[in-house]
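Okay, structure first, notes after.
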Amino acid sequence: MGYVREVCDYLARTSPAQAEFYQAAQEVLMSLRPLMEKYPKYQEHKIIERIVEPERQILFRVNWTDDKGEIHINKGYRIEFNSALGPYKGGLRFHPSVNAGVIKFLGFEQIFKNSLTGLQIGGGKGGSDFDPKGKSDNEIMRFCQAFMSELYRHIGATTDVPAGDIGVGGREIGYLFGMYKKLANSYEGVLTGKSLLWGGSLARTEATGYGAVYFAKYMLEDRGETLKGKRCVVSGSGNVSIYTIEKLYQLGALPITCSDSNGMIYDEDGIDLALLKELKETKRVRLNEYTKSRPNAKYTPVSGYKEGTNGVWSIPCFAAFPSATQNELNAQDAKTLLANGCICVSEGANMPSTPEAVDIFVENKIAYGPGKAANAGGVATSQLEMQQNASMTNWTFEEVDAKLAQIMKNIYTNASATAAEFGDPTNLVMGANIAGFRKVADAMIEQGLV
Ligand code: GLU
């Protein structure tokens with residue numbers, strides 16, 4: 001359809017340096033074509049031209065001092081992309097690779113992901129090119145305070161509610177919240193992923209990883225399969241990976257890999273979860289330390305990966321859980337996975353597969369859950385945290401986990417029913433994009449040209 005192509009070309013022309021944003025937008029827009037053809041109202045209201053433009057983007061300076069007293073300057077971002085369905089909602093990423101295009105792609109994906117949860121949340125994202133690696137606790141605190149000293153004026157419990165993402169976990173949310181509370185003189189649920197001592201929700205920490213495994217379970221159930229007794233590969237070793245591994249064990253599967261930016265672990269007997277938590281959550285050290293306690297496991301540094309590939313995807317498996325970062329799985333990796341018998345990919349990370357890899361999964365009709373559907377459990381549980389804050393109550397772990405499982409089931413059912421409605425039942429990329437888009441688009445039409 002020429003019209004959708006024209007909008008993509010317009011984006012390529014006007015956002016030339018924002019490769020990740022263009023990649024994310026092109027995937028969504030191209031898969032909307034059957035919807036656009038069937039319902040001319042979206043074109044009449046210029047919804048796709050409107051939805052690719054953020055409602056507001058904030059770029060700010062963050063200056064802070066390290067432990068030696070030296071001054072550092074970083075870029076701070078918050079993108080408030082779409083508020084048709086609720087307050088802007090989405091995490092903050094602190095990583096040296098962060099730039100305007102990365103934040104924009106993440107914010108764009110968040111619109112549709114949040115819509116898919118079925119909850120009242122709009123799409124936003126933020127972060128900084130600050131590198132938390134190797135920083136002391138005090139440096140992390142000073143950076144978070146400096147970051148919040150600007151961000152606080154733009155956010156609020158009914159306006160914009162940030163949370164964590166790569167490089168932002170419980171510790172950072174604590175420092176950010178403390179500074180917000182001081183500056184705004186208001187104790188409110190302005191951030192999610194908070195500590196259980198002061199307004200957090202049980203199961204929020206676990207939610208993204210657990211959700212990605214639930215999503216795989218529902219995809220597989222529909223095909224008469226289960227994860228029980230199956231070898232699974234997981235990339236990354238952050239919050240998403242750790243709780244993906246935990247839930248895989250709970251469902252009787254065998255997770256055998258994890259990785260960080262330096263290399264990967266292959267532990268044939270199954271990843272030692274307690275050890276992984278100790279190394280990554282408590283000691284905050286690199287993954288090569290793992291083999292000191294588990295000499296039978298194999299550590300491969302990135303330099304040992306086959307040229308142009310990610311070593312994790314070369315390990316034969318039944319199901320794969322990309323849980324590290326964008327574009328960590330390319331066409332060659334996808335072909336290797338399929339050749340080794342992998343029939344299920346559930347994405348815990350945001351946009352971990354390149355467009356070519358996505359095409360291979362879709363064409364081969366494997367059980368492929370794209371990130372915006374499969375990893376929506378994190379943000380969905382953030383919204384459950386907001387609900388608890390607003391009603392000044394706390395739910396039990398079991399209550400939150402049961403709601404999470406139900407939300408993941410609804411997302412799967414909605415995405416697969418939508419895929420079937422538009423003629424390609426196994427194509428959850430199309431199903432998730434159309435289902436997520438349709439709700440936001442209809443809300444935008446009903447709310448008028450604002
Ligand atoms: N950063 C997570 C995501 O990509 C969670 C966002 C949130 O909880 O607001 O969805």
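Just so you know, ligand 1 is whichever comes first in the structure, and atom 1 is the first atom listed for that ligand.
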Protein residue, atom and distance nearest to atom 9 (O) of ligand 1, heavy-atom basis:
Lys89 NZ, 2.7 Å

Would you say the side-chain atoms of Asp129 and Asn74 include a donor-acceptor pair closer than 3.5 Å?
yes

Identify which of Gly378, Gly211, Gly164 has a heavy atom lying nearest to atom 2 (C) of ligand 1.
Gly164

Need the ligand 1 atom indices (1-based, order shown) with element for anything under 4.0 Å from a heavy-atom of Ala163.
7 (C), 8 (O), 9 (O)

Which residue supplies the protein heavy atom nearest to atom 8 (O) of ligand 1, what is that atom called, and how far is it?
Ser382 OG, 2.5 Å

Among all protein non-hydrogen atoms, which one is nearest to atom 6 (C) of ligand 1, and what is the separation to 0.1 Å?
Gly91 N, 3.5 Å

Do NZ/NE/NH1/NH2 and the carboxylate oxygens of Arg204 and Glu385 come within less than 4.0 Å?
no

What part of Asn375, side chain, backbone, both or neither, has a heavy atom within less than 4.0 angstrom of ligand 1?
neither

Within a 6.0 Å radius of atom NZ on Lys135, are there more than 12 heavy atoms belonging to other residues, nucleotides or ligands?
yes

Would you kindly say whether Arg286 and Ser261 are connected by a side-chain donor-acceptor distance under 3.5 Å?
yes

No-hydrogen, no-angle side-chain donor-acceptor test under 3.5 Å, Thr226 and Glu221
no

Side-chain donor-acceptor contact under 3.5 Å, Gln110 with Tyr88
no

Where does Glu385 meet ligand 1, judged by heavy-atom distances below 4.0 Å: at the side chain, the backbone, both, or neither?
neither

Using distance alone, determine whether Pro162 and ligand 1 share an N or O pair under 3.5 Å.
no

Among all protein heavy atoms, pick the one closest to atom 5 (C) of ligand 1 and tell me residue, atom and distance.
Arg204 NH2, 3.4 Å

Within ligand 1, which atoms have a heavy atom of Lys113 less than 4.0 Å away?
3 (C), 4 (O), 10 (O)

If the plane angle is over 60° it's perpendicular, under 30° parallel, otherwise tilted; pick one for Phe21 and Phe81.
tilted

Could you tell me which atoms of ligand 1, counted from 1 in the order shown, lie closer than 4.0 angstrom to a heavy atom of Lys125?
1 (N), 3 (C), 4 (O)

Ring center gap for Phe215 and Phe321 short of 6.0 angstrom
no

